[in-house]
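First the structure, in the form of structure tokens, and then the observations on it.
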There are 2 protein chains.
Amino acid sequence: MATATAAQRRRKAREEYDAFIAACPSRQLLDRLADKWVSLILVALADGEQRYSEIARTIAGVSQKMLTQTLRNLERDGILIRSITPAVPVRVSYRLTPLGESLLPVVRAVKYWAEEHMPEVQVARRRYDARH
Amino acid sequence: MATATAAQRRRKAREEYDAFIAACPSRQLLDRLADKWVSLILVALADGEQRYSEIARTIAGVSQKMLTQTLRNLERDGILIRSITPAVPVRVSYRLTPLGESLLPVVRAVKYWAEEHMPEVQVARRRYDARH
DNA sequence: CCGTATCCTCCTCGATACTG
DNA sequence: CAGTATCGAGGAGGATACGG
């Protein structure tokens, strides 16, 4: 059964890779995911292929440099695919790979959590600041 | 019904807070969560209260400065509680708040994803590097 | 044991200017 | 449109030393 095998492979991977260990490659991957822009890009691509300029418009405040850089990193990691349509002007689109699709719910949960619990955090901050 | 009310509050919060908008407070919260150490600290506290030195030992490679700084931020955000037992030497413990408990599964999922999918990412990187 | 304070370095990130 | 190249400021974050 292919699915079970894949699940077993992932379990095995988690035994071998421990992000608590500084030198572990998965720690570097965790650092990569712990990025300002990664979750926003992933969520922006949730509904399918998007052009470079569309992503830029969705994610307010991202600089051209950071957007390009983060997209390249995610492409290198196999999380998204960059495709070029030769035309004038050229058209570049990005879409999630299956690997990226598997990451999407995870990072989307982080974005949602931040949006949902912001009020509680703001209350906690005011309480803390009042006492310190 | 208290639970339903809380759920409604969160839904409302998600309508009002949109992390795609740079100025939105939830975007700052997302940036806070997008931190090298946050998920590791949260997961380290998953099984309950831990002393400062225990956390430091669990998370290999974290400097005293960053650990203290991140713990302070998380305390201010109401995600964990710091408690001091006056003794000689002093004993300082950290544990998750209910808010922190609600965040735990989310960030743990990120850590797990990184550990599980590291092999695929490494393959993707080798493929990418071979072609560029 | 659990910090705080200081210094110093690197590297992230934004701004700007330029190309196919 | 979708980049690349370069520069420069600022902050992240480590090392070290010291304090309650």
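Labels below follow one simple rule: chain letters A, B, ... track the order of the sequence lines, proteins then strands, and each chain is numbered from 1. These figures come from a predicted structure and were not determined experimentally.
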**For atom CH2 of A:Trp37 and atom P of C:dT12, their distance in whole Å** = 15 Å

**Asked** Closest nucleotide of DNA chain D for A:Pro89 versus for A:Thr68: which of these residues is on the 5' side?
**Response** A:Pro89

**Interatomic distance, A:Gln69 CD vs C:dC13 P [rounded to whole Å]** = 7 Å

**Item:** B:Arg72 atom CZ: more than 12 heavy-atom contacts under 6.0 Å
**Value:** yes

**Request:** Say whether B:Leu29 and A:Tyr128 are linked into one hydrophobic cluster, either directly or through other cluster members, by side-chain heavy-atom distances under 4.5 angstrom.
**Result:** no

**Message:** On DNA chain D, compare the nucleotides closest to B:Ser63 and A:Tyr52; which residue's is nearer the 5' end?
**Reply:** A:Tyr52

Please list every donor-acceptor pair under 3.5 Å in which a side-chain atom of residues 50-61 of chain A meets a protein atom from a residue at least two apart or in another chain.
residue : atom : partner : partner atom : Å
A:Tyr52 : OH   : A:Gln64 : O            : 3.3
A:Tyr52 : OH   : A:Thr68 : OG1          : 3.0
A:Glu54 : OE1  : A:Arg51 : N            : 2.6
A:Thr58 : OG1  : A:Glu54 : O            : 2.9

List the atom pairs, donor and acceptor, that lie under 3.5 Å between side-chain atoms in residues 92-110 of chain A and the rest of the protein, sequence neighbours left out.
residue  : atom : partner  : partner atom : Å
A:Tyr94  : OH   : A:Arg82  : NE           : 3.4
A:Thr97  : OG1  : A:Gly78  : O            : 2.6
A:Thr97  : OG1  : A:Ile79  : O            : 3.1
A:Thr97  : OG1  : A:Leu99  : N            : 3.3
A:Thr97  : OG1  : A:Gly100 : N            : 3.0
A:Ser102 : OG   : A:Leu99  : O            : 2.6
A:Ser102 : OG   : B:Trp113 : NE1          : 3.0

**Message:** Tell me the interatomic distance from A:Leu67, atom CG, to C:dC13, atom P, rounded to whole angstroms.
**Reply:** 13 Å

**Request:** Could you state the atom-to-atom distance from CE of B:Met66 to C1' of C:dT9 in whole Å?
**Result:** 15 Å

**Request:** Nearest whole angstrom, please: distance from the P of C:dC1 to the CZ of B:Arg57.
**Result:** 8 Å

**Asked** Taking only side-chain nitrogens and oxygens of B:Arg82, does any of them come within less than 4.0 Å of OP1 or OP2 of C:dG3?
**Response** yes

**Message:** So for atom CZ, which belongs to B:Arg91, do other residues, nucleotides or ligands contribute more than 12 heavy atoms lying within a distance under 6.0 Å?
**Reply:** no

**Item:** For atom OH of B:Tyr94 and atom C1' of C:dC1, their distance in whole Å
**Value:** 11 Å

**Complete:** All heavy atoms of B:Leu40 vs all of A:Ala19, minimum pair found to be CD2-O, 3.7 Å

**Prompt:** Between A:Arg27 (side chain) and A:Phe20 (backbone), is there a donor-acceptor pair under 3.5 Å?
**Reply:** yes

**Item:** Closest to side chain of B:Val90, choosing from C:dT4, C:dT6, C:dC2
**Value:** C:dC2

**Sugar-phosphate, base or nothing in reach of A:Gln64, heavy atoms under 4.0 Å** = base

**Request:** Check every nucleotide of DNA chain D for an atom under 4.0 Å from a heavy-atom of chain A, then give the first and the last such nucleotide from 5' to 3'.
**Result:** D:dC1 to D:dC7

**Complete:** Side-chain atoms of A:Lys65 come closest, of C:dT4, C:dC1, C:dG14, to C:dG14

